[in-house]
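One structure below.
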Amino acid sequence: MTTIDQNQTADPTALPPHPREVGRPLEGVDLREQRPAGPRWRPMLGRLALRLSLPVLLLAIWSAVSLSSPNIASVLPPPYRVLASLWHEAVAGPLFLHIGASLLRALGGFALAGSIGVALGLLMSQSRVVQYLLAGPVELLRPISSIAWIPLAILWFGLGYQSVVFVIAISCIFIVLINTLAAALRIDPDLIKAGLTLGAGRWTLFRKVIVPNSLPGILLGLRIAMSGAWGGVLVAEMIATRQGLGYMILRAQAAFRPDLVIGGMLVVGVVGYLLNMLFLQLQRRVIHV
Amino acid sequence: MSEPFPRWQQLLLGLAGIFLLMLVPWTIAVTMGVRPIILPPLPTILQTAASLLTGGGLISAALVSLLRVNVGFALALVTAVPLGILLGRYRLMFLAAEPSVESFRFVIPFAWIPLAILWFGTAETGKIFIIWYAGFFVLLLPTISAVLSVDRDLVKAARTLGAGEFTIFRKVVLPAILPELVTAMRVAFAICWISILAAELVASRAGLGYLIADARELLQTDVVIVGMIVIGCIGAFYNWLFGWFERRVGH
């Protein structure tokens with residue numbers, strides 16, 4: 001039991017901590033060290049009950065508040081109504097169409113920005129002149145939050161998916177670029193010297209030393225960018241399109257359907273969670289090989 | 001790779017990059033006849049900036065956004081940090097709260113915008129709520145992990161020497177978590193800043209987000225770009241401010 005926990009905390013990928021990621025190390029915290037003598041299932045059952053207590057309590061409060069008066073229920077429908085509307089929207093409505101549209105745009109912008117960001121980051125790591133030349137525009141544009149690009153994107157590309165993809169790409173590119181550059185610059189100089197001593201040319205060095213050793217940093221940047229892309233797509237869709245989860249939620253608000261608004265929020269959370277899980281799996285697999 | 005260049009050469013190259021990669025292509029595009037709706041000429045941008053600054057529209061919009069983001073951020077700070085300290089100190093509470101905290105983390109602040117409109121209309125409360133939510137979890141999780149990583153022996157030593165819970169908190173826990181807390185504040189503020197812009201873009205009659213959304217509808221690209229520059233400057237200023245604070249409390 002304990003060995004599994006140790007494996008989880010001693011992450012072989014040794015990712016540098018990022019404020020968004022600090023949730024992860026907490027998973028290793030464990031009460032089992034001080035397990036009293038007795039049957040095994042009892043503390044585990046207690047633990048499960050403890051962990052379920054707050055979600056259950058929150059659901060109970062939500063239901064109680066919402067059922068206390070029809071006025072409140074009209075703006076905060078009870079949980080089962082939210083689930084029922086979501087089910088109806090999935091079976092008879094365009095829910096999956098919206099999810100698909102959002103995912104496609106988020107992944108499109110992410111792929112675009114990911115490839116450009118990694119390429120530029122690696123390029124910048126190879127030459128000081130290129131690095132400082134590009135640093136000017138990057139440092140100038142980076143503080144402008146992705147959301148602020150939405151109106152300009154609409155002016156440039158009109159209402160539609162192109163604007164959304166552009167905004168997503170902008171929101172991802174700097175995170176990817178900076179993480180790539182930082183990872184490539186952090187590589188142990190001795191490794192590079194060893195490569196050079198062994199007769200590696202510039203290209204071989206780049207391919208065999210720089211790229212593989214920057215990979216953990218690159219993947220971390222991509223994962224943070226991915227969650228940013230998922231957030232950006234939501235806002236961009238609220239403003240610039242007639243499809244996608246962002247549009248669906250805002251539309252539900254305009255139609256005074258709080259059940260569907262909350263249902264949409266749940267879907268956003270679940271899809272975001274799945275994307276994160278998927279990426280973590282990918283990350284583990286790529287780095288282990 | 002070669003040694004880093006001296007600072008002034010880095011700066012010079014950066015300025016050259018801005019000039020060569022942004023200003024020159026921009027000017028070429030404008031002279032080749034790109035419509036001002038796509039790219040307004042650079043002098044127009046400067047003129048617009050000057051008239052917006054003196055006309056007051058820009059400054060009042062910036063003040064509205066700044067007020068909202070600061071109030072929401074302050075609320076997030078005073079709610080998340082004490083809760084984080086509690087959850088970090090008491091394991092049972094932490095274990096009970098963790099699943100809920102983890103799941104709320106995935107419901108992005110932007111997703112709350114429509115619900116906030118439904119609940120609060122376009123009133124200030126809705127915007128403050130969104131900023132509070134955006135900052136809350138980004139502050140809570142680092143606070144918990146910082147408290148968890150406080151050296152147990154230090155706490156035990158303080159207790160042995162007769163310190164009460166409050167003294168332990170003030171003299172041991174708080175100084176130990178401060179560096180991580182300030183870093184979390186920097187990240188949280190950036191997220192709050194993005195969130196208020198999003199909320200203002202979607203539903204507001206005031207603020208920088210509204211300013212650029214409104215200018216977009218009127219096809220005033222120059223105003224949009226000036227607004228973006230101001231948004232970037234404010235973001236950069238707060239990043240610098242918290243960064244400075246970080247270096248002061250850090251090691």
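In what follows, chains carry the letters A, B, and so on, assigned in the order in which the sequence lines appear, proteins first and then strands, with residues in each chain numbered from 1. Heavy-atom basis, side chains included; hydrogens, waters and symmetry copies ignored. The model shown is predicted, which means the values in this text are computed figures rather than measured ones.
- When B:Ile231, B:Val101, B:Leu21, B:Ile117 are compared by the number of non-hydrogen pairs under 4.5 Å with chain A, B:Ile117 comes out ahead.
- Within the 4.5 Å cutoff, the side chain of A:Leu76 has heavy atoms near those of the B:Trp119 side chain.
- Using a 4.5 Å heavy-atom threshold, the side chains of B:Val107 and A:Val268 count as separate.
- Counting heavy atoms from C-beta outward, B:Met22 and A:Leu141 have side chains that approach closer than 4.5 Å.
- The 12-atom threshold is exceeded at CZ of A:Arg51, counting heavy atoms of other residues, nucleotides or ligands nearer than 6.0 Å.
- For the side-chain contact (heavy atoms from CB on, under 4.5 Å) test, residues two or more places apart in sequence or in another chain that qualify with A:Ala182 are A:Arg186.
- When A:Ile144, A:Leu133, A:Ile262 are compared by the number of non-hydrogen pairs under 4.5 Å with chain B, A:Leu133 comes out ahead.
- For the set B:Ile18, B:Ile113, B:Ile108, the count of heavy-atom pairs under 4.5 angstrom toward chain A peaks at B:Ile18.
- No other option in B:Cys233, B:Gly14, B:Gly209 has as many heavy-atom pairs under 4.5 Å with chain A as B:Gly14.
- Annotation: side chain of A:Pro151 is not in contact with side chain of B:Glu217 (no heavy-atom distance under 4.5 Å).
- Contacts between B:Leu12 and chain A at a heavy-atom distance below 4.5 Å are absent for every atom of the residue.
- Note: A:Val261 leads A:Leu245, A:Val261, A:Ile150 in heavy-atom pairs under 4.5 Å with chain B.
- With a threshold of 4.5 angstrom between heavy atoms, B:Leu15 does not approach chain A through any atom at all.
- For chain A, the option among B:Val202, B:Leu20, B:Leu219 with the highest count of heavy-atom pairs below 4.5 Å is B:Val202.
- Shown here is A:Tyr273, whose OH atom has no more than 12 heavy atoms of other residues, nucleotides or ligands within 6.0 Å.
- For chain B, the option among A:Leu155, A:Leu134, A:Leu250 with the highest count of heavy-atom pairs below 4.5 Å is A:Leu155.
- Between A:Val129 and B:Phe5 the shortest side-chain heavy-atom distance falls below 4.5 Å.
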Query raised in the report: After noting the C-alpha distance and the side-chain angles of B:Leu39 and A:Trp156, does the key distance pass the side-chain contact (heavy atoms from CB on, under 4.5 Å) rule?
Result: CA-CA 9 Å; B:Leu39 269 187; A:Trp156 282 354; 4.1 Å; yes
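- Residues A:Tyr132 and B:Gln9 form no side-chain contact, since every pair of their non-hydrogen atoms from C-beta on lies 4.5 Å or further apart.
- Chain A forms more heavy-atom pairs under 4.5 Å with one residue of B:Ser103, B:Gly235, B:Ala96 than with any other, namely B:Ala96.
- Residue pairs meeting the ring pair (Phe, Tyr, Trp, His ring centres under 6.0 Å) criterion with at least one partner in residues 247-269 of chain A, sequence neighbours excluded, do not occur; the list is empty.
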Requested in this report: Apply side-chain contact (heavy atoms from CB on, under 4.5 Å) to A:Gln253 and B:Leu115, showing your working.
Outcome: CA-CA 7 Å; A:Gln253 176 262 315; B:Leu115 196 63; over 6 Å; no
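- Using a 4.5 Å heavy-atom cutoff, the side chains of A:Ile147 and B:Phe110 are in contact.
- Between chain A and the options B:Trp193, B:Phe19, B:Trp112, the largest number of non-hydrogen pairs under 4.5 Å is found for B:Trp112.
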Query raised in the report: Between A:Ile239 and B:Arg216, is a side-chain contact (heavy atoms from CB on, under 4.5 Å) present by the stated rule, with each step listed?
Result: CA-CA 11 Å; A:Ile239 300 163; B:Arg216 192 274 294 177; 4.3 Å; yes
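- Using a 4.5 Å cut-off on side-chain heavy atoms (C-beta onward), B:Phe104 and A:Leu58 make contact.
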